[in-house]
Number of protein chains: 2
Amino acid sequence: MAIEHAILVSLSEKSATGYDLARRFDASIGHFWRATHQQIYKVLARMDEQGWVKSEATKRGGRLDKKTYSITDPGAKELLRWTQSPSSPEVMRSDFAVKLRGFVDSDSIREDATTRLESYREMLAFYEESERKFYPDPAKIKDSARGAYLALRGGILLAQGNIAWCEEVLAELNSERR
Amino acid sequence: MAIEHAILVSLSEKSATGYDLARRFDASIGHFWRATHQQIYKVLARMDEQGWVKSEATKRGGRLDKKTYSITDPGAKELLRWTQSPSSPEVMRSDFAVKLRGFVDSDSIREDATTRLESYREMLAFYEESERKFYPDPAKIKDSARGAYLALRGGILLAQGNIAWCEEVLAELNSERR
DNA sequence: CAAGACATGTAACTGGTTACATGATTCG
DNA sequence: CGAATCATGTAACCAGTTACATGTCTTG
């Protein structure tokens with residue numbers, strides 16, 4: 001139950017339409033929490049009912065108005081409550097690990113590891129680029145940006161962990177081949 | 001859609017009741033894929049219908065018989081098919097990262113990071129203990145155990161990544177305090 | 001004026017969690 | 001004989017995905 005809170009975080013930075021949020025979930029916030037536009041619209045409607053967000057409609061020609069959502073006081077209060085309560089540890093769910101456990105065919109594993117390695121490397125490159133661009137001097141990070149910086153660092157460290165894993169898998173499989 | 005496959009992996013190692021599987025999901029396999037007994041029973045019933053597993057019932061006094069499940073040929077075939085098809089990359093979903101992005105209160109973050117650090121350290125200690133116990137000499141690992149070993153290595157590498165992340169968060173927050 | 005981005009949704013479904021319910025077997 | 005463990009499930013719900021549907025606005 002955290003997509004609500006991811007939306008609240010995003011809206012607390014800047015009001016947005018569902019569409020805007022969906023794009024943010026494709027980029028920045030989405031590196032830590034994926035969501036489709038369908039889900040976002042559904043959740044926004046619920047949050048509106050709960051009073052965590054409010055929407056301002058802009059009339060358009062057709063039936064559906066454009067709605068700009070912003071966070072309300074109860075929404076901000078809920079966000080604070082959530083950030084102050086302990087987070088439950090993530091449930092580990094790794095297809096790849098299950099596949100390894102059921103190990104039958106080196107070639108498929110090798111292929112899979114190669115693809116994953118590539119995508120984690122891309123991810124890492126992207127994060128490191130962001131780091132260089134936005135936080136060239138870690139000592140000079142503003143208090144307001146510290147959280148986002150630490151989230152980015154998490155992305156980097158976890159991507160590195162995954163890269164190391166894939167590399168080890170590939171090395172092990174290749175040594176087996178001999 | 002991988003709990004089926006996690007169950008198939010587990011049953012391919014040894015036939016079991018739903019209850020047994022639930023316990024395995026609390027231990028070994030469960031480090032990579034969590035599941036509750038309710039879910040396991042539900043999925044087992046579906047898999048039985050599909051013909052991926054079969055069950056042998058042992059009469060007991062009461063209404064509900066004890067059922068021992070084993071993998072069938074079609075089940076083994078499906079497992080093979082699954083291991084040979086590329087796995088989709090995990091969707092990242094981290095409460096903690098979202099929390100960091102919405103950074104408001106250092107104390108709560110610090111508390112959360114401390115708890116997480118502790119649990120990841122415990123996890124790492126457990127994995128490393130397993131590694132020492134079951135794979136003291138990596139060069140001597142049997143082919144049949146290689147997959148399980150590499151899955152364990154993944155657990156270790158990811159736990160280390162998470163630990164590094166928590167440590168960095170704590171270091172950063174403490175330097176902020178000055 | 002066409003293409004692509006902007007914008008909002010419904011419906012059906014799959015996957016997973018939480019709460020509740022029941023009874024058998026084993027062991028101290 | 002009581003507690004713990006073994007054993008199986010239902011029901012209600014929450015979360016997330018995939019497919020489908022519709023129309024507007026901007027820009028070359």
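Chain letters run A, B, ... following the sequence lines, proteins first, then strands; residues in each count from 1.
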Listed nucleotide nearest any side-chain atom of [X], set [options]:
X	options	answer
Tyr41(A)	dG9(C), dG16(C), dT18(C)	dG9(C)
Trp33(A)	dT8(C), dT8(D), dG16(D)	dG16(D)
Gln38(A)	dC20(C), dG9(C), dG15(C)	dG9(C)
Thr36(A)	dG16(D), dC6(C), dT17(D)	dT17(D)

In whole angstroms, the gap separating P of dT18(C) from NE2 of His37(B) amounts to 12 Å
For Thr68(B) and Thr17(B), indicate whether the former's side chain and the latter's backbone hold a donor-acceptor pair under 3.5 Å.
no
Would you say the side-chain atoms of Asp112(B) pair up with the backbone N or O of Ser87(A), donor to acceptor, closer than 3.5 Å?
yes
Tell me whether the rings of Tyr127(A) and Phe32(A) are parallel (<30°), tilted (30 to 60°) or perpendicular (>60°).
parallel
Taking the six-membered ring for Trp, are His5(B) and Trp52(B) parallel (under 30°), tilted (30 to 60°) or perpendicular (over 60°)?
tilted
*dT17(D) phosphate, OP1 or OP2, under 4.0 Å from Arg34(A) side-chain N/O*: no
So does Thr17(B) get a side-chain nitrogen or oxygen closer than 4.0 Å to the phosphate oxygens (OP1/OP2) of dC6(D)?
no
The residue, Arg93(A) or Tyr19(A), whose nearest nucleotide of DNA chain C is more 5′ is Tyr19(A)
Report task. Could you check whether Lys42(A) gets within reach of a base, just the sugar-phosphate, or nothing at all, counting any heavy atom under 4.0 Å? Result -> base
